[in-house]
Amino acid sequence: MDRLGEGNVPPAFREESDLVKRRLEKLEEWKARGIEPYAIKYPHEDTTTRIRQRFHELGNGEESGYRASLAGRLMALRRHGKACFADLEDGWGRLQLLAAVDSLGEEGYTLFQELDIGDWIGVEGQVFRSRRGELTLRVSRFQLLSKSLRPLPEKWHGLKDVELRYRQRYLDLMVNPEVKRNLLVRVRTIGELRRFLDERDFIEVETPMLQPIPGGATARPFVTYHQALGEDLYLRIAPELYLKRCVVGGLERVYEINRNFRNEGISYKHNPEFTMLEFYWAFVDYLELADFLEEMLTQVVKAVKGELRFTYQGQELDLTPPWRRVTMLEALGEVLGRPVSSSTPVEELRELSARREVPLEEGWGAGKIMTELFEKLVEPELWSPTLVMDYPREVSPLARVHRSDPFLTERFELIVAGREIANAFSELIDPLDQRRRFEEQASQRERGDDEAHLVDHDFLRALEYGMPPTGGLGLGVDRLVMLLTDAHSIREVILFPHLRSEA
RNA sequence: GGGCCGUUAGCUCAGUCGGUAGAGCACCGGACUUUUAAUCCGGGUGUCCUGGGUUCGAUUCCCAGACGGCUCACCA
């Protein structure tokens, strides 16, 4: 038979490799024999890991006397003439199969041998432990559940090409176990964050992804268009202003864990859509939030990692509280080798920036320049968890003015491994002050800062009804998961990271 | 968006100082009833990312482009 005859190859597959064409031929052969290659369902009793747990104690060469049924993907085949070992992988783990003429008969065994790596099959048979100590299912019945037409990546080196890993994450999941492991850490982290907040009577809400005025952060938004309304809408850059509306409405403890979208550069720590936890808690200030964050992350990390000390990118990281607390100006002063304060003149700051080769823009005030210097010179050096307190008012349009210094706000950021993990403040609840801040933002916008905040009149109206004193916090979930999975790139903790479209 | 680097078989990679390329796994044929990176014998399956240029001849050199990585900028 001409296995590679073009006559049998559907047009869509003409360009494919011989490996694919061979599998198509096999598919047609099986169909011709009356075998359905894509089953409707396959009820079964067991999973690989449950069998492993159950027969943990079974000795080498012993029979369990248990007849199991399993379904999974064939990941390896070791043929030995009249017997054949195979590895079956299901959603939980792997188990070895033994197919032999003895238990399958001539016809069944021949079919089994024709299976390809990657095929989904259902199997039934007795469980035993082989002489070499491998727990094994002796196949007495099997059924093809889904024919795989494409060859899997190499069994030993796996799939390394990062572009293929991200574009074809399903392959990455099949052959690189750490992908699933990282995903589970992510899932557990989010679960623990939810649990922590739920236990403290926070309620989870869902606020708009499509917003007429993008607010709550300084970032370029994605724009889209609503046909029926005939108006532009923006994918949210933050949920902040809506969560605060919830607090105005009397939801004293609210949170949301969901996606934000920012139309900025893509890098190892930036994906255009990323997951953020934001919560708002009425009647507390930022100092209480700092304690709360310490407690929350301590509990979450213990639950997920089992310990607070671990290695990140080859360097030890210790999240044991209490974390270092330092004001932004102190930290900046230390690095600059001279004290910086609210009254440090702009000219002096510009001079310091020039000396440290930190480029500045026209129109930046003292607060913005200090923040720039801090982010360029100090933040990357902060490895151990550090709560950086009291950011300038100029860069914090939604935060309350500091109780003892009007140049500053009651705001802190948590920096770990040189990256911002969380950002929190005593919220600005004074509608008149908030209006003034929006106006300042508007004038920054006129001076060319197209990321300055837009005025949200309905948000101001909400504040005018009265918002209770509130503390609010945002936490970058992907970045936290990066720490917990020792991931160098944010793409390792997002299942389908954004890539340019294929050519 | 800028700079640097990369793209060779299904996968992981080598290589060609310019004469259309080769290993392992996978795959195909054969042997084998206890292997588990099975083993043994035989077989290399390719648009060397794409398009131009130089050249008798380009996968190799040059230019442009696509995609990716790192990095800088922006941002979290």
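Residue numbers begin at 1 in each chain, while the letters A, B, ... track the order of the sequences. No experiment lies behind these values; they were computed from the predicted model shown.
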[atom1] atom, [N] versus [M]: distance in rounded Å?
{"N": "B:rG18", "M": "B:rC63", "atom1": "P", "value": "16 Å"}
{"N": "B:rA58", "M": "B:rC74", "atom1": "P", "value": "46 Å"}
{"N": "B:rC32", "M": "B:rG69", "atom1": "P", "value": "49 Å"}
{"N": "B:rA21", "M": "B:rC4", "atom1": "C1'", "value": "28 Å"}
{"N": "B:rU45", "M": "B:rG6", "atom1": "P", "value": "29 Å"}
{"N": "B:rC61", "M": "B:rG68", "atom1": "C1'", "value": "24 Å"}

By the 4.0 Å heavy-atom rule, please label [X] as base, sugar-phosphate, or nothing.
{"X": "A:Gly158", "answer": "sugar-phosphate"}
{"X": "A:Glu134", "answer": "base"}
{"X": "A:Leu159", "answer": "sugar-phosphate"}
{"X": "A:Arg79", "answer": "base"}
{"X": "A:Gly265", "answer": "base"}
{"X": "A:Asp161", "answer": "sugar-phosphate"}
{"X": "A:Asn60", "answer": "nothing"}
{"X": "A:Arg94", "answer": "nothing"}

Base B:rU34 paired with A:Thr136 side chain (donor-acceptor, <3.5 Å): no

Below 4.0 Å: OP1/OP2 of [N] and any side-chain N or O of [X]:
{"X": "A:Lys160", "N": "B:rG69", "result": "no"}
{"X": "A:His488", "N": "B:rC70", "result": "yes"}
{"X": "A:Arg132", "N": "B:rU36", "result": "yes"}
{"X": "A:Arg22", "N": "B:rG29", "result": "no"}
{"X": "A:Arg500", "N": "B:rC67", "result": "yes"}
{"X": "A:Arg78", "N": "B:rU36", "result": "no"}
{"X": "A:Thr218", "N": "B:rA76", "result": "yes"}

When you get a sec, tell me which of [options] is the closest nucleotide to the side chain of [X]?
{"X": "A:Asp116", "options": "B:rG69, B:rC28, B:rA38", "answer": "B:rC28"}
{"X": "A:Ala100", "options": "B:rU34, B:rA76, B:rU33", "answer": "B:rU33"}
{"X": "A:Gln96", "options": "B:rU35, B:rC67, B:rG24", "answer": "B:rU35"}
{"X": "A:His80", "options": "B:rG68, B:rG24, B:rC32", "answer": "B:rC32"}
{"X": "A:Lys376", "options": "B:rA73, B:rG69, B:rU12", "answer": "B:rA73"}
{"X": "A:Pro153", "options": "B:rC11, B:rC67, B:rU33", "answer": "B:rC11"}
{"X": "A:Leu19", "options": "B:rA26, B:rU33, B:rU12", "answer": "B:rA26"}
{"X": "A:Arg167", "options": "B:rC67, B:rG24, B:rC74", "answer": "B:rC67"}
{"X": "A:Arg491", "options": "B:rU34, B:rC25, B:rG69", "answer": "B:rG69"}

Nearest-0.5 Å distance that lies between atom CG in A:Leu319 and atom CG in A:Leu484: 7.5 Å

Salt bridge flag under 4.0 Å for residues A:Arg33 and A:Glu107: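 Judged by the 4.0 Å cut-off on N to carboxylate O distance, A:Arg33 and A:Glu107 do not form a salt bridge.
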
Let me know the distance between [atom1] of [X] and [atom2] of [N], rounded to the nearest Å.
{"X": "A:Glu25", "N": "B:rC27", "atom1": "CD", "atom2": "C1'", "result": "14 Å"}
{"X": "A:Leu98", "N": "B:rU36", "atom1": "CG", "atom2": "C1'", "result": "12 Å"}
{"X": "A:Ile266", "N": "B:rG2", "atom1": "CD1", "atom2": "P", "result": "15 Å"}
{"X": "A:Phe85", "N": "B:rU33", "atom1": "CZ", "atom2": "C1'", "result": "8 Å"}
{"X": "A:His157", "N": "B:rC25", "atom1": "NE2", "atom2": "P", "result": "11 Å"}
{"X": "A:Asp87", "N": "B:rU35", "atom1": "CG", "atom2": "P", "result": "14 Å"}

Ring-ring centroid check A:Phe196 A:Tyr255, cutoff 6.0 Å: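 Ring centres of A:Tyr255 and A:Phe196 not closer than 6.0 Å.
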
Ring centroid separation A:Tyr391 to A:Tyr286 under 6.0 Å: no

Of A:Arg150, A:Arg73, A:Lys26, A:Arg22, the residue whose pairing with A:Asp116 passes salt bridge (charged side-chain N to carboxylate O under 4.0 Å, His left out):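 Answer to the salt bridge (charged side-chain N to carboxylate O under 4.0 Å, His left out) test with A:Asp116 among A:Arg150, A:Arg73, A:Lys26, A:Arg22: A:Lys26.
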
Pairwise side-chain contact, A:Leu454 with A:Asp456, heavy-atom cut-off 4.5 Å (strictly under):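 Heavy-atom side-chain distance check fails, nothing below 4.5 Å.
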
Residue closer to the 5' end of RNA chain B, A:Ile117 versus A:Arg138 (nearest nucleotide):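 With A:Arg138 and A:Ile117 compared, the 5'-side residue is A:Ile117.
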
Residue closer to the 5' end of RNA chain B, A:Phe274 versus A:Ser489 (nearest nucleotide): A:Ser489

A:Tyr312 and A:Trp383 aromatic ring geometry - parallel, tilted or perpendicular at 30°/60° bounds: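 Rings of A:Trp383 and A:Tyr312: tilted, as their planes differ by 30° to 60°.
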
Geometric class of the A:Trp281/A:Phe202 ring pair [parallel <30°, tilted 30-60°, perpendicular >60°]: perpendicular

